[in-house]
Amino acid sequence: MSDVKLEDIVSLAKRRGFIYPGSDVYGGLAGTWDYGPLGVALKRNIMNLWWKMFVDEADNMYGVDAAILMNQKVWQASGHVDTFTDPLVECSNCHNRFRADKLDNPDKCPVCGKEHTFGEPRAFNMMFKTYIGPVDETKVAGGATMISDLNTQTGKADSRITETNETVKYSLSDDTSLVYLRPETAQGIFTNFKNVVDSFYPDLPFGLAQQGKAFRNEISPRDFIFRSREFEQMEIEYFVHPDQWETVFEDWIKRVHLWCDALGLPAESVHELEVPEADRAHYSKRTVDFEFDFPIGREELLGLAYRTDFDLMNIQRASGKSMEYRPKDGSKPFVPHVIEPSFGVERALMAVLSAAYKEDEQNGEKRIYLALPAHLAPVKVAVLPLVKNKPELVAKAREVYDMLKKEIGNVMWVDTGNIGKNYRKMDEIGTPYCVTVDFETLEGDTAGTVTVRNRDTTEQTRVKIEDLIESI
RNA sequence: GCGGGUGUAGUACAACGGUUAGUAUGCGAGUUUUCCAAACUCGAGACGGGAGUUCGAUUCUCCCCACCCGCACCA
């Protein structure tokens, strides 16, 4: 358990422009979070680092980017539709849940035997729905409530309008169909397996990587960005010969640890959890969860699962198309098996913030700083004039700023308040280096030098302007 | 979804059935300032929404909305 309090991180995130509650001006929307200037920079740095490590610098790894809206058949084949569209009622006495349409006596609980303990039936489906095609709006006008269900026979959305207590049945236009926002990005990779193999001919083993949004209608999103209704995943499906999976799995465990190191997460805060069979998805023969000591406790940071050929076989069955891979050496074709490392962007971000959040004392006052790895920091260098009412000093600082901005990019100009205040401000957003232009920069033996302040130690060193880039 | 709690400025708090809703901090501008949240001046900024009671509601009542905490859920 981390000794950082989540509320401190939430407060800092909002105060300094990292992360805000979604739809904040209207009172919020549970389960959604918006990213401000610094948050988006940090998040992108994390995502770019991931892409660099797992795609650009890795062998046999390629990217894909599938659409968020996908054919319903994807979710029927994957099992998401069947498992999660049932109308369920819950017994208020024993809390068991039942299919409302399968009960012999709709007023009596078959487990505890109590009567009239059921609430309204609810569809326990975590997928968000929307429509493709025209919906006849005149039919739903007048404040009526439209309830739509998936008709798995026709693949169309059957809808009915409820007005007062009457139910009116009607059909949507023929080219209207219900679609889901993807609840995971993985299926977007599996559905493109055949396309990639046919058009790109990668050698097996190879991996397909994807980053993108996924949506789950969580009953109760909690714990800041840890569990939200809209979130971003970074997933890899690594395709292997079935005989290879065990060694490849072990290899991926090592690669995941390298990733955690690159995020600056202390090794002692990252834990492998061998998921026992009873808790694994039915298709998985091995799953290792990587947990992190978050402020909310030890929770899952990312998962590594051996999914066998479950997904490709489902697609093969549902689409009628072969998912076999034909080795170039002419050996026997086979449907590859899959190792899936699955990363949550927000969880990585929350882990990074938790690990980086530090407090210490400066002159008897509390100092808060984010000890972010320099390659993740939203602002890498800040340039500050020591005082702002000496034009020649400000002009020189501006010169240094322009030079660094051109070379490094994420450089910030800071000249409000006084120098100490600005250092504290930069500490809070995790800027690793502050470059200060002072009077010694302008004249004497020290002309052409500036001070570089280290965020973590607050120590300063004096360096020549031309050596600045190498020293940070 | 159930139970409980809470909604006043970016944040943390205050007050009040009745003039212009106050304080701190933060924020912006300026003066000043030769290295770690100094000082001074000025400025912007809030009663979640809707009904009701009342001469009058930010305050009381009800409804809605949102958030928080527990439980449950988490393929």
Side-chain angles (χ1 to χ4, degrees), chain A residues 6-8 10-17 20-32 36 75 78-86 88-92 94-97 119-127 183-184 186-187 214 216-224 226-229 231 279-284 296 299-300 303 305 307 310 342 360-369 384-390 393 415-428 434-443 446 450-455 457-460 462:
Chain A
L6 183 62
E7 62 206 70
D8 292 334
V10 176
S11 161
L12 174 68
K14 179 160 188 194
R15 193 169 68 241
R16 288 301 183 191
Y20 318 115
S23 310
D24 202 19
V25 280
Y26 292 110
L29 178 64
T32 63
W75 309 112
S78 69
H80 287 82
V81 169
D82 284 346
T83 320
F84 291 97
T85 48
D86 302 337
L88 299 181
V89 289
E90 182 174 327
C91 172
S92 59
C94 65
H95 296 291
N96 279 297
R97 285 182 177 150
E120 285 293 303
R122 285 166 39 214
F124 274 67
N125 191 315
M126 296 182 75
M127 290 195 285
E184 62 170 38
Q187 292 303 322
R216 296 183 193 181
N217 199 357
E218 296 284 355
I219 293 169
S220 183
R222 283 291 156 87
D223 299 323
F224 192 35
F226 186 83
R227 178 176 292 117
S228 48
R229 295 202 165 106
F231 58 102
D279 297 340
R280 288 198 301 260
H282 61 280
Y283 49 77
S284 177
I296 54 172
E299 295 284 352
E300 184 180 344
R307 296 177 70 113
F310 176 78
S342 175
D360 65 7
E361 284 226 347
Q362 282 282 308
N363 306 320
E365 281 201 77
K366 188 172 83 169
R367 179 178 81 115
I368 295 170
Y369 65 104
L384 306 78
L386 181 61
V387 294
K388 60 175 171 176
N389 64 345
K390 297 286 185 291
L393 193 70
D415 71 348
T416 58
N418 61 51
I419 190 78
K421 217 167 178 174
N422 290 329
Y423 285 151
R424 295 299 179 86
K425 203 183 285 184
M426 290 301 102
D427 286 340
E428 279 204 344
C434 287
V435 170
T436 300
V437 172
D438 58 17
F439 290 94
E440 294 174 46
T441 309
L442 300 178
E443 54 201 30
T446 55
V450 294
T451 65
V452 176
R453 171 188 181 268
N454 181 292
R455 172 197 63 202
T457 63
T458 75
E459 279 166 10
Q460 287 176 290
R462 185 159 280 278

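All of these numbers come straight from a predicted model, not from anything done at the bench. Lettering of chains follows the sequences in order, A, B, ..., and the numbering in each one begins at 1.
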Rounded distance in Å between the [atom1] positions of [N] and [M]:
N: A57(B); M: G50(B); atom1: P; result: 13 Å
N: A51(B); M: C16(B); atom1: C1'; result: 23 Å
N: C60(B); M: U54(B); atom1: C1'; result: 10 Å
N: C62(B); M: U53(B); atom1: P; result: 15 Å
N: C71(B); M: U59(B); atom1: C1'; result: 34 Å

Who does [N] pair with, Watson-Crick or G-U, both distances under 3.5 Å?
N: G3(B); value: C69(B)
N: U8(B); value: none
N: C74(B); value: none
N: G28(B); value: C42(B)
N: G17(B); value: none

Please work out if [X] contacts a base, only the sugar-phosphate, or nothing of the nucleic acid, heavy-atom cut-off 4.0 Å.
X: R16(A); value: base
X: E428(A); value: base
X: T451(A); value: base

I want to verify a distance call: between [options], whose nearest atom is closest to the [X] side chain?
X: I419(A); options: U32(B), C35(B), A37(B); value: C35(B)
X: N418(A); options: U33(B), C35(B), C27(B); value: U33(B)
X: K421(A); options: U33(B), C27(B), C36(B); value: C27(B)
X: D438(A); options: A37(B), C35(B), C74(B); value: C35(B)
X: R424(A); options: C27(B), U34(B), C36(B); value: C36(B)
X: V387(A); options: A75(B), C35(B), U33(B); value: U33(B)
X: K388(A); options: U32(B), U34(B), G10(B); value: U32(B)
X: P183(A); options: A75(B), U32(B), C74(B); value: A75(B)

Would you say the side chain of T458(A) and the base of C36(B) hold a donor-acceptor pair, judged only by whether the two atoms sit under 3.5 Å apart?
->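 For T458(A), whose side chain was compared with the base of C36(B), there is no donor-acceptor pair (under 3.5 Å).
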So, does the side chain of R453(A) form a donor-acceptor pair with the base of C36(B) at under 3.5 Å?
->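 Answer yes: a donor N or O sits under 3.5 Å from an acceptor.
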Whole-Å distance between G70(B) P and D223(A) CG?
->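 In whole Å, G70(B) P and D223(A) CG are 8 Å from each other.
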Ranking R367(A) and R216(A) by the position along RNA chain B of their nearest nucleotide, the one closer to 5' is R367(A)
R216(A) side chain vs P183(A) backbone, donor-acceptor pair below 3.5 Å | yes
Partner of I419(A) by side-chain contact (heavy atoms from CB on, under 4.5 Å), out of T436(A), D438(A), V387(A) = T436(A)
Passes side-chain contact (heavy atoms from CB on, under 4.5 Å), R367(A) versus R424(A)? Steps please.
-> CA-CA 7 Å; R367(A) 179 178 81 115; R424(A) 295 299 179 86; 3.9 Å; yes
